[in-house]
Amino acid sequence: MIERFRSLLIPCFIFLASVYGSLYISYLPPLWVALLPWLPVILSVVAVLLAWRFNKGRVLVVICLLLVPKVYGHSSTESVSAYLAVSCFCIALLSFVRERGFFNRFVVNRFLFISMLLAWCYAVDAKWVSFSFLEQPFLSFQITWSTLLLWCVLAISVIVTGCSWWLAGDVFCANALMSIVGLMVMSLFSVSQDQVDLLLSAQCLVWLFFLLMESHRMAYLDELTTLPGRRALNESLLGLSGKYALVMVDVDHFKAFNDTYGHDMGDRVLTHVARQVQRFSYPGRVYRFGGEEFTVIFRAKVLNDIEPILDEVKAQIEDMPVEVYDPKKKKVIETRVTASFGVALSAPGELADAVLIRADKALYQAKRKGRNCIVFSKSTNHRSTKVNGNV
Ligand SMILES: Nc1nc2c(ncn2[C@@H]2O[C@H](COP(=O)(O)OP(=O)(O)OP(=O)(O)O)[C@@H](O)[C@H]2O)c(=O)[nH]1
């Protein structure tokens, strides 16, 4: 839940700051005001280049949707309403479309869609097509079928995007929701082109921030388990000092599991084990080391409790049934897996890499002692080897 609200925090902040700024736009220095018309264009170009670099085709479409008022201006009530209804609805639709990358065979659909959108706005603006229901400003206190229809489109867009953000916790949906609200506020309250430019720039900034967060996620989070990955672990190791413990966790007989049930079922088990380790090793911080191995870092405060915590994690992994498809029996069965643990407590002056090597050696011992057990490594200070579990 906290993660969900966190995904809205920065977009919300950018949006509110832009609304506040647009109220005081007349106080801006003349140079800034002169730059304002260019700002949405510059930010859009940067966002599109980043979207291309990070292979995010949906962001390209959103940026094009946002730029329509920049291309056609706010020439008439009809074009504003037409633009708003189409943009909000399309952004809402994008929340349900799977990301399919930037330049691939789907690029044709994407460009067809954008061309259709531009043609539609141009046609409405040039009065080639005219829809009576669009002729009223949509914030009209006279309730007519046209205002009702427009409000329905906007309400549906907000509701479906909001629901998909809430249910899936998807960061794209959080940004899409902010864009829809931003477009509505822009169309309703902005009176000058400078205000439109400022609010549009903020929308582009929201998507730029989304792309940066995505690049961070791709670099630091493991795709399968969503745990922080090896790069994040290496950076955390650099910052470790004083007393701490490193734990290596490895799923037992995982190759045999993969061979019996298939790689996709192996993936399912890895996700399951990752969830158990993350849930029960709190306040330890869990990383996917690679393959079927995980690393947990425990800071000084909890070192006395480390043994019961790891016992709990081990028991939870062992007790939790996992549903897998058995290709031999041709049906879904319940199975269980176990994991082995190697633990190393830091010694004064010892580098984190060396502690990690000791934890890995302890894990190797746990495997040799029959697996499904926890082995504490010897350190310069700790001369005893402590073993528990079934050894
Ligand atoms: N499904 C799946 N398998 C993976 C992944 N990463 C590594 N593996 C498999 O994990 C297996 C690791 O096998 P081993 O290192 O031999 O270890 P093990 O079979 O678990 O045996 P012990 O560790 O000695 O108990 C290999 O078969 C890899 O292909 C992954 O992301 N998904």
Side-chain angles (χ1 to χ4, degrees), residues 10-48 51 59-92 94 114 117-127 131 134-140 147 150-151 153-154 157-158 161 175-211:
I10 300 289
C12 237
F13 175 76
I14 296 175
F15 167 67
L16 290 176
S18 68
V19 171
Y20 182 78
S22 70
L23 295 177
Y24 295 97
I25 205 144
S26 52
Y27 296 105
L28 282 180
L31 180 68
W32 290 28
V33 177
L35 283 176
L36 262 182
W38 295 100
L39 201 55
V41 181
I42 295 167
L43 291 173
S44 310
V45 170
V46 178
V48 169
V59 177
L60 168 74
V61 180
V62 173
I63 295 291
C64 290
L65 285 166
L66 291 175
L67 274 189
V68 175
K70 195 69 199 143
V71 179
Y72 292 111
H74 277 49
S75 50
S76 67
T77 310
E78 194 174 345
S79 65
V80 172
S81 299
Y83 156 70
L84 188 70
V86 171
S87 300
C88 292
F89 193 67
C90 291
I91 292 177
L94 277 174
I114 293 167
L117 184 83
L118 291 178
W120 149 260
C121 290
Y122 187 80
V124 172
D125 214 44
K127 303 239 180 291
F131 298 94
L134 290 174
E135 274 160 16
Q136 281 198 31
F138 75 101
L139 188 72
S140 159
T147 50
L150 279 172
W151 275 107
V153 172
L154 297 176
S157 308
V158 171
T161 315
N175 285 269
L177 188 63
M178 241 25 268
S179 276
I180 293 174
V181 174
L183 285 176
M184 285 166 66
V185 169
M186 191 175 83
S187 307
L188 275 175
F189 300 113
S190 56
V191 284
S192 69
Q193 187 59 40
D194 286 342
Q195 286 180 319
V196 171
D197 286 334
L198 186 68
L199 293 170
L200 261 186
S201 306
Q203 290 302 314
C204 297
L205 210 57
V206 163
W207 287 100
L208 262 178
F209 180 75
F210 166 79
L211 288 167

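We number each residue from 1, following the sequence as shown.
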Taking every non-hydrogen atom, the tightest pair across [X] and [Y]:
| X | Y | answer |
| --- | --- | --- |
| Gln195 | Ser22 | NE2-O, 2.8 Å |
| Leu66 | Cys204 | CD1-N, 4.5 Å |
| Ser179 | Ile91 | CB-CD1, 4.2 Å |

How long is the straight-line distance from [atom2] of [Y] back to [atom1] of [X], given to the nearest 0.5 Å?
| X | Y | atom1 | atom2 | result |
| --- | --- | --- | --- | --- |
| Ser18 | Leu199 | OG | CG | 4.5 Å |
| Ile63 | Gln203 | CD1 | CD | 9.0 Å |
| Ser192 | Leu198 | OG | CG | 9.0 Å |
| Leu200 | Leu67 | CG | CG | 7.0 Å |
| Ile42 | Ser201 | CD1 | OG | 9.0 Å |
| Ser157 | Ile180 | OG | CD1 | 5.0 Å |

Would you mind reporting whether [Y] and [X] have side-chain heavy atoms less than 4.5 Å apart?
| X | Y | result |
| --- | --- | --- |
| Leu183 | Leu65 | no |
| Leu36 | Leu28 | yes |
| Leu43 | Leu205 | yes |
| Ile14 | Met178 | no |

ask   = What is the ring orientation for Phe210 with Trp207, classed by angle as parallel under 30°, tilted 30 to 60°, or perpendicular over 60°?
value =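 Perpendicular, since the angle between the ring planes exceeds 60°.
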request  = Apply the test side chain to side chain contact (heavy atoms under 4.5 Å, CB included) to residues Asp197 and Leu39: give CA-CA distance (whole Å), side-chain angles for both, the deciding distance (0.1 Å), then the verdict.
outcome  = CA-CA 7 Å; Asp197 286 334; Leu39 201 55; over 6 Å; no
